[in-house]
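Heads up, the thing below is written out as structure tokens.
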Amino acid sequence: RNPASGSQYDYRAVAIVHPRAKRCRLKDGDEIVDRALLLQNLGYEVLVKEAPEFELSGPGAEVLRAKLDGDKRADAGLAALHAYQLTKFDAVALVDYGTLV
């Protein structure tokens, strides 16, 4: 599915990007990069997704809710939970952008 890769394996690369993380400024200048476009150029199918809505309950829910409220980075990180909806694939490898840098 990604013939440009030259791989003998059939795979599809999907990137889940939070809307706030779609555009970013490069560290060494004022240039703004569109991560979705960059990933598409690398052969990824890009899904721009907000963090999923869910109800927190049970032990520790209040502590977790207090930690997540207003934390923009946590909100963007929770968007990765959409990977659990990629059920049409035999396998899914979830790699956080921060681990690639």
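When reading the values below, keep in mind they use all heavy atoms of this one structure, side chains included, and skip hydrogens, waters and symmetry mates.
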- Message: Determine whether Lys22 and Asp34 satisfy the following criterion, side-chain contact (heavy atoms from CB on, under 4.5 Å), listing intermediate values before the conclusion.
- Response: CA-CA 6 Å; Lys22 186 176 178 290; Asp34 183 332; 2.9 Å; yes

- Message: Between His82 and Glu50 (side chain of the first, backbone of the second, donor and acceptor by atom type, cut-off under 3.5 Å), is there such a pair?
- Response: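 Yes.
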
Shortest non-hydrogen contact between [X] and [Y], atoms and distance:
X: Leu94; Y: Ala83; answer: CD1-CB, 4.0 Å
X: Cys24; Y: Arg35; answer: SG-NE, 3.3 Å
X: Ile32; Y: Arg23; answer: CG2-NH2, 3.6 Å
X: Leu39; Y: Ala15; answer: CD1-CB, 3.7 Å

- With Tyr44, the side-chain contact (heavy atoms from CB on, under 4.5 Å) member among Leu47, Asn41, Leu42: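 Running side-chain contact (heavy atoms from CB on, under 4.5 Å) over Leu47, Asn41, Leu42 with Tyr44 returns exactly one hit, Leu42.
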
- Item | Rounded distance [0.5 Å steps], CG in Leu86 versus CZ in Arg12 | 8.5 Å

- Message: Quick one, Val14 and Phe89 - any side-chain contact, counting heavy atoms below 4.5 Å?
- Response: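 Counting from C-beta outward, Val14 and Phe89 do come under 4.5 Å.
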
